[in-house]
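Here is the naming used below: chain letters follow the sequence lines, and residue numbers restart at 1 for every chain.
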Protein chains: 2
Amino acid sequence: MPRAGLDPEAVVRLALAVVDDGGPTGYADLTLAAIAARAGVAVPSLYKHVAGLPALRRAVAQRCIEQLADALEETAEGRQGADALVALAWTMRRFAHDHPGRYAATQTELLGVPEEATELQTAATRSVVVVARAVGELDVPADRHVDAVRAVRSAVHGFVVLEAAGGFGMPDDLEVSFDYLVRGLVGALASTSASQRS
Amino acid sequence: MPRAGLDPEAVVRLALAVVDDGGPTGYADLTLAAIAARAGVAVPSLYKHVAGLPALRRAVAQRCIEQLADALEETAEGRQGADALVALAWTMRRFAHDHPGRYAATQTELLGVPEEATELQTAATRSVVVVARAVGELDVPADRHVDAVRAVRSAVHGFVVLEAAGGFGMPDDLEVSFDYLVRGLVGALASTSASQRS
DNA sequence: CAGAGTTGGCTAATGGCATTAGCTTTCTGG
DNA sequence: CCAGAAAGCTAATGCCATTAGCCAACTCTG
């Protein structure tokens, strides 16, 4: 019987395929058995390439986080301030639509033992930095900068998560609602200049 | 050997205890084995009272969704408009802090087969209605009402989720950031009166 | 108060999953 | 060509959910 020619990279790629095929719950349903089946290999064979399911999940999450960061950085390219922020928001939402399983992967796995989660944390930082730069180009006071970045991330992430979870029951157009959210948010940030610290 | 005196209600209550003891991942880690251990009963005995793990999870989620709705309704009592909205946001966050496992339960389980998810959907509607009423007391144009409610839910939920997931790396005070988010949001809604439909 | 029937518990068995151990086969480098 | 590393395999273990079938304990009625 010929060999399958697996290696750690190939296993992660197969795992991503499983995630992609699983829709919004693809990451939650990620299983060594599914990967092995797709690879045409017995389950224990995978242990020659990965340390176990938790480690594999972390590797998959890392890829997804980095892919999202790539998309965000590319979006920010050549844009500034409010313009960039709006575009970033839409990129995030598009990513979640195009790769629901991968988006779910970026959410989970953030907490956990410091030794294991550190690489994920730093990978996630890239996305935050992109948003932070755009926020920095608005006239938000310096001592509000972190708050503003958190506000943007919260609003966009919250919308995307609720949308993915089917949390919006009304039939009204979600594109319009998202546009409203993003516009209102960016507008609110722009007018924080003369704000007071609580 | 005396009987344990279980019934469906008792099983759900034990399940909630397991969820509460499990911290943020308490709901994800909810298991029949854990419930049975806590009840001092063999695992299959639980099937005399519940249809299976998925049904139990749904029942637990329902409780949590209703508990949150209760808290929100109580908060809205005697408050109006922006005031109510701010209070509701803080209640949601407090609920997530006080019962992280239960808050997680309110997130999941929303999608799923229509026949099974319907009761959850309607339970979740109660919370949305409370928010919608408060938004209605602001001077948001009628055709923006749904968008505004979605914005509020997104922002608050997003913040709470990111916070719970450890997604905010900066050491800056989260209370302050949440205050900033909520204030900015409500402010933005209030000034939407003369807005344009995209 | 007795016994029938219902009900709630049990053990045993099955199947899916992850993981470990240990064996065998294939590739590769000298 | 052949020795050893690498990559696959089967077997076994353990945890979980679920189903089947058994038995004991309540309950209710005559």
Subject >> Residues that A/I65 engages under side chain to side chain contact (heavy atoms under 4.5 Å, CB included), provided they are two or more places apart >> reply: A/T106, A/L120, A/A123, A/A124

Subject >> Selection: residues 14-29 of chain B, any non-hydrogen atom under 4.0 Å of DNA chain D >> reply: none

Subject >> Sorted by number, the residues of residues 38-54 of chain B with heavy-atom contact under 4.0 Å to DNA chain D >> reply: B/V43, B/P44, B/Y47, B/G52, B/L53, B/P54

**OP:** Report the residues that fulfil side chain to side chain contact (heavy atoms under 4.5 Å, CB included) with A/E74, sequence neighbours left out, ordered by chain and then residue number.
**Re:** none

Original post:
Taking CD1 from B/I35 and P from D/dT18, how many angstroms apart are they, rounded to a whole number?
Top reply: 11 Å

Original post:
Roughly, in whole Å, what's the span from CG in B/D7 to P in D/dT27?
Top reply: 13 Å

Subject >> Sequence neighbours excluded - side chain to side chain donor-acceptor pair (under 3.5 Å) pairs with any residue from residues 33-48 of chain A >> reply: A/D21-A/R38

Subject >> For A/A33, all residues meeting side chain to side chain contact (heavy atoms under 4.5 Å, CB included), sequence neighbours excluded >> reply: A/T31, A/V43

Original post:
So, does B/R57 use its side chain to make a donor-acceptor pair with the main chain of B/Y27 at under 3.5 Å?
Top reply: yes

Subject >> B/T31 side-chain N/O to D/dA17 phosphate OP1/OP2 under 4.0 Å >> reply: yes

**OP:** May I have all residue pairs that pass ring-ring contact (aromatic ring centres under 6.0 Å, His included) and include part of residues 131-163 of chain A, sequence neighbours excluded?
**Re:** A/Y103-A/H157, A/F159-A/F168, A/F159-A/F178

**OP:** Could you state the atom-to-atom distance from CG of B/L32 to C1' of C/dG16 in whole Å?
**Re:** 15 Å

Subject >> Partners passing ring pair (Phe, Tyr, Trp, His ring centres under 6.0 Å) against B/H99 (at least two apart in sequence or in another chain) >> reply: B/F95

Subject >> For A/A69, all residues meeting side chain to side chain contact (heavy atoms under 4.5 Å, CB included), sequence neighbours excluded >> reply: A/R126, A/S127

